[in-house]
Amino acid sequence: MPELPEVEVVRRGLERWVSGRTIDEVEVRHPRAIRRHTAGAADFAARLMGLQLGAARRRGKYLWLPVTGGGPAAQTAAEGLPPMLTPSVTHGLAILAHLGMSGQLLVQPQDAPDEKHLRIRLRFADDLGTELRFVDQRTFGGLSLHDTVPGDADHLPDVIAHIARDPLDDAFDDAAFHDALRRRRTTIKRALLDQTLISGVGNIYADEALWRSKLHYERPTATFTRPRTAELLGHVREVMDAALAVGGTSFDSLYVNVNGESGYFDRSLDAYGREDEPCRRCGTPIRRRPWMNRSSYFCPRCQRPPRA
DNA sequence: AGGTGCCCCTGTCTGC
DNA sequence: TGCAGACAGGGGCACC
């Protein structure tokens with residue numbers, strides 16, 4: 001599953017291979033892949049026509065491409081749409097993407113055979129011979145077109161305005177995160193997965209960062225001291241940086257790489273997926289516990305549960 | 001109204 | 001062998 005570092009690799013690939021290009025053909029092959037675009041597939045396709053893609057952005061696991069323009073085909077299509085859905089002068093537009101569990105954005109030669117789970121195809125008004133494909137087996141991900149937050153320098157799509165900055169973002173506010181933790185009446189792993197507090201941390205990185213911090217996943221956030229929060233954030237950044245260092249080497253290829261193939265997951269995990277294997281610190285077998293319809297992996301010796 | 005938990009989806013794996 | 005069920009998981013959203 002693509003985690004934040006993989007999504008960042010995809011962002012770099014998009015920047016390199018599709019930013020600046022102009023859309024001139026859109027094919028939606030599965031309605032679920034554009035379900036966040038509430039006006040439907042025909043509207044999605046019509047409104048993308050003629051748009052020029054700007055620089056790729058990322059927040060947590062969300063990706064987006066601010067767009068400009070809209071050619072004759074887009075204007076024609078827009079005439080039949082209600083005012084809310086026509087291109088706005090005061091608000092920018094952006095194509096939003098989320099890869100979900102199994103999504104891939106691939107830059108492929110136009111004559112390459114369709115992937116089994118090809119959901120959306122975008123072709124461009126140039127002679128580079130490549131197209132952008134959204135491929136997704138489990139269809140948790142998708143593409144959609146949205147207004148951007150007025151005045152936002154990154155052209156943030158309005159529907160993800162509630163998503164917090166991620167810990168690799170220079171503007172992430174460590175002190176504000178700590179204060180938010182202290183105000184919450186919840187437990188630390190829930191907080192790490194709460195996208196309104198901190199984004200981009202999934203189940204895997206949460207378990208890894210907690211293991212490195214010797215923290216049990218059910219520790220109440222209200223007990224966190226400033227140094228403990230700082231240490232935890234440091235470990236979150238470490239595991240993400242390590243994965244980025246490994247997975248970030250392949251974006252230079254034609255394919256926009258994704259799909260959790262970062263070798264990081266095979267070699268460097270200390271807790272996640274290691275049930276019954278010895279803790280790399282103390283040798284105690286790692287345990288797995290059902291948690292929120294998922295699993296939590298932890299060392300029962302290094303990560304003691306909080307008092308009841 | 002902050003916190004909790006269900007549900008969407010499909011392919012793989014395990015156990016009976 | 002075949003089938004049922006567990007599991008993987010982000011995040012929207014209904015509900016208390």
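Protein chains get the first letters and strands the later ones, always in sequence-line order, with residue 1 at the start of each. These numbers were taken from a predicted model, which means no experiment stands behind them.
When the side-chain nitrogen and oxygen atoms of A/Q195 are compared with OP1 and OP2 of C/dG11, one or more of them lie within a distance under 4.0 Å. Distances shorter than 4.0 Å separate some side-chain N or O of A/H117 from OP1 or OP2 on B/dG11. A sub-4.0 Å separation between OP1 or OP2 of B/dC8 and a side-chain N or O of A/T139 is absent.
Here B/dG3 presents its P atom at 14 Å from CH2 of A/W291, a figure rounded to the nearest Å. A/K116 has its NZ atom 9 Å from the C1' atom of B/dT10, to the nearest Å. Taking atom CZ on A/R294 and atom P on B/dT4, their separation rounds to 14 Å, with Å as the unit. Computed from coordinates, the A/Q104 CD to B/dG11 P distance equals 14 Å when rounded to whole Å. As rounded to whole Å, 14 Å separates atom P of B/dG5 from atom CG of A/L193.
As judged by a 4.0 angstrom heavy-atom cut-off over every strand, A/H162 is placed among residues touching the sugar-phosphate backbone only. When heavy atoms are screened at a 4.0 angstrom cut-off, A/R35 is found touching no nucleic acid atom at all.
Side-chain contact between A/I23 and A/L53 is present, with at least one heavy-atom pair separated by less than 4.5 Å. Counting heavy atoms from C-beta outward, A/K214 and A/R281 have side chains that approach closer than 4.5 Å.
For A/Y297, the side-chain atoms get nearest to C/dA8 when compared with the rest of B/dG3, C/dA8, C/dG10. Distances were taken from every side-chain heavy atom of A/R288 (C-beta onward) to each of C/dG10, C/dC7, B/dG5; the shortest belongs to C/dC7. Closest to the side chain of A/M292, out of B/dG5, B/dC8, C/dA8, is B/dG5. Among B/dC9, C/dC7, C/dG11, the nucleotide with an atom closest to any side-chain atom of A/R138 is B/dC9. Closest to the side chain of A/K61, from the set B/dG11, B/dC9, C/dG10, is C/dG10. The side chain of A/N293 has B/dC7 as its nearest neighbour among C/dG11, B/dC7, B/dT10. Nearest to the side-chain atoms of A/Q137 among the listed nucleotides C/dA8, B/dG11, C/dG12 stands B/dG11.
Among the candidates A/L48, A/D43, A/I34, the single residue satisfying the side chain to side chain contact (heavy atoms under 4.5 Å, CB included) test with A/L145 is A/L48.
In this structure, CG in A/L122 is found 9.0 Å from CD in A/E131, a value given to the nearest 0.5 Å. Between the NE2 atom in A/H216 and the CZ atom in A/R289 there is a gap of 8.0 Å [rounded to 0.5 Å].
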